[in-house]
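Not measured: the values here are computed from a predicted model. Throughout, protein chains are lettered first and strands after them, A, B, ... in sequence-line order, and every chain is numbered starting at 1.
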Number of protein chains: 2
Amino acid sequence: METDVPRDHPRYQSLLTRHRIEEGVDRGITSRQGLIAEGRGEAFDYLLGEQTIPSADEAERAAAAQLLLAEHAVLSVNGNVAALVPGEMVELADAIGADLEVNLFNRTDERMRAIADYLVAHGATEVKGLAADARIPGLSHERGKVDADGIYDADVVLVPLEDGDRAEALADLGKTEIVVDLNPMSRSPQTAAIPVVDNILRAVPNVTAHARDLADASREELRAVVDAFDREAALEAAERRIRTGTLEN
Amino acid sequence: METDVPRDHPRYQSLLTRHRIEEGVDRGITSRQGLIAEGRGEAFDYLLGEQTIPSADEAERAAAAQLLLAEHAVLSVNGNVAALVPGEMVELADAIGADLEVNLFNRTDERMRAIADYLVAHGATEVKGLAADARIPGLSHERGKVDADGIYDADVVLVPLEDGDRAEALADLGKTEIVVDLNPMSRSPQTAAIPVVDNILRAVPNVTAHARDLADASREELRAVVDAFDREAALEAAERRIRTGTLEN
């Protein structure tokens, strides 16, 4: 274990998150904007009751099925994703045979390399994003950079904690997009084919668990899982939970 | 103006906030925890509709009256308060004849001095908190430090963006406490005699405006303003707004 906090401590998840974010700052992975974004996420998670609600679990199962159906799945990793779930992202990539690609809102070579190294330290064998030999149309030069054999080529992308402009530009490119975001009203989940409204620390391991559970499913069965997922209903359920959930208690 | 953003820009307040927080980080005033706390505040402000709701305006008027009634009012300043509203806190202190005292959750001499200097640069003539010659009972040594002729002696304290433990310990000491916090469910506003659920950038100038408006009021009139304020109703109104406000739009 990376902290001394016992797993059954009532604040285990929150203390683990704090520990990982601090580590991310020390390593030059988490930015100032990343710390503020983490705080926004904390507030929405608090309102959600800090748990995976049933509609989020359904979204995570649909995400797993969609990733398994992909011809070329790519998992996008930004600073907070790297800081919060480095090993979990590597495990998910392994479970579904996806690429990992680093993508930053404020791109600097130093942070790109720090994040790629951090993923390798957590077991990744290959990390894309450093070639930056293709561009997403509709975004400014630095923010549109992707790898030609990575996100640019992908049919399915998982973009956790993604900025709204980028999420829209990727959807406009025809990618099937899976977003993880704790605010169901923000543009990224509103744009996504599969919006996952959950804390990334719970979401990523649960997508992996569903992917393992679905490993032997036929393409028809996987398609049925994806088709059964109702994105509008899931977004509404998350909003309802925020509105009436924890606040009623 | 400190930024190039015009005041009528739809994102003026959010851009100004961002600018001030960045400045605070550059000056060693805003901590990592402060950045995360800023993000939590942003989420709750978003749910409140980024405006001063009527019950918050009533709380701000009651706060002004309570501060004017005080024998010895002290305004507590932590890292985020200093970064976000340095000049506004100095103006409020002048308007009501209160002391300013620096108080940090993670106290270091360097940050204490940086914050005191920043307040002086924004017009403060005296800043307390560096003597640290008294202690609030019930808090660990470093966190309980206050000035004997400052918060320790005060009958009314304004503690914006305050930690729950400290807010409770101050209330236990018999202080009449005014808290500014965007989460009506958190412990600090629940503890306060006058909880102000509003963005500090809107709240502090509005308390000052009410104080100026009430400058000639008699003590009876001031007491009537304080007595008319219903803290339970204000907390409930803020919760209701978060629950049904922006989300309905």
Answer yes or no: is there a side-chain heavy-atom contact under 4.5 Å between [X] and [Y]?
X         : Y        : result
Phe44(A)  : Tyr46(B) : yes
Arg32(A)  : Asp26(B) : yes
Arg243(B) : Leu47(A) : no

Original post:
What part of Glu22(B) gets closer than 4.5 Å to chain A, counting heavy atoms only: side chain, backbone, both or neither?
Top reply: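 Contact with chain A is through both the backbone and side chain of Glu22(B).
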
Exercise for review: Would you mind checking which part of Leu182(B) comes under 4.5 Å of any heavy atom in chain A, side chain (CB onward), backbone (N, CA, C, O), both or neither?
Suggested key: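 For Leu182(B), there is no contact with chain A at all, as no heavy atom is under 4.5 Å.
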
Check: Using non-hydrogen atoms and a limit below 4.5 Å, what part of residues 35-42 of chain A faces chain B?
Finding: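 Contacts with chain B: Leu35(A), Ile36(A), Glu38(A), Gly39(A), Arg40(A), Glu42(A).
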
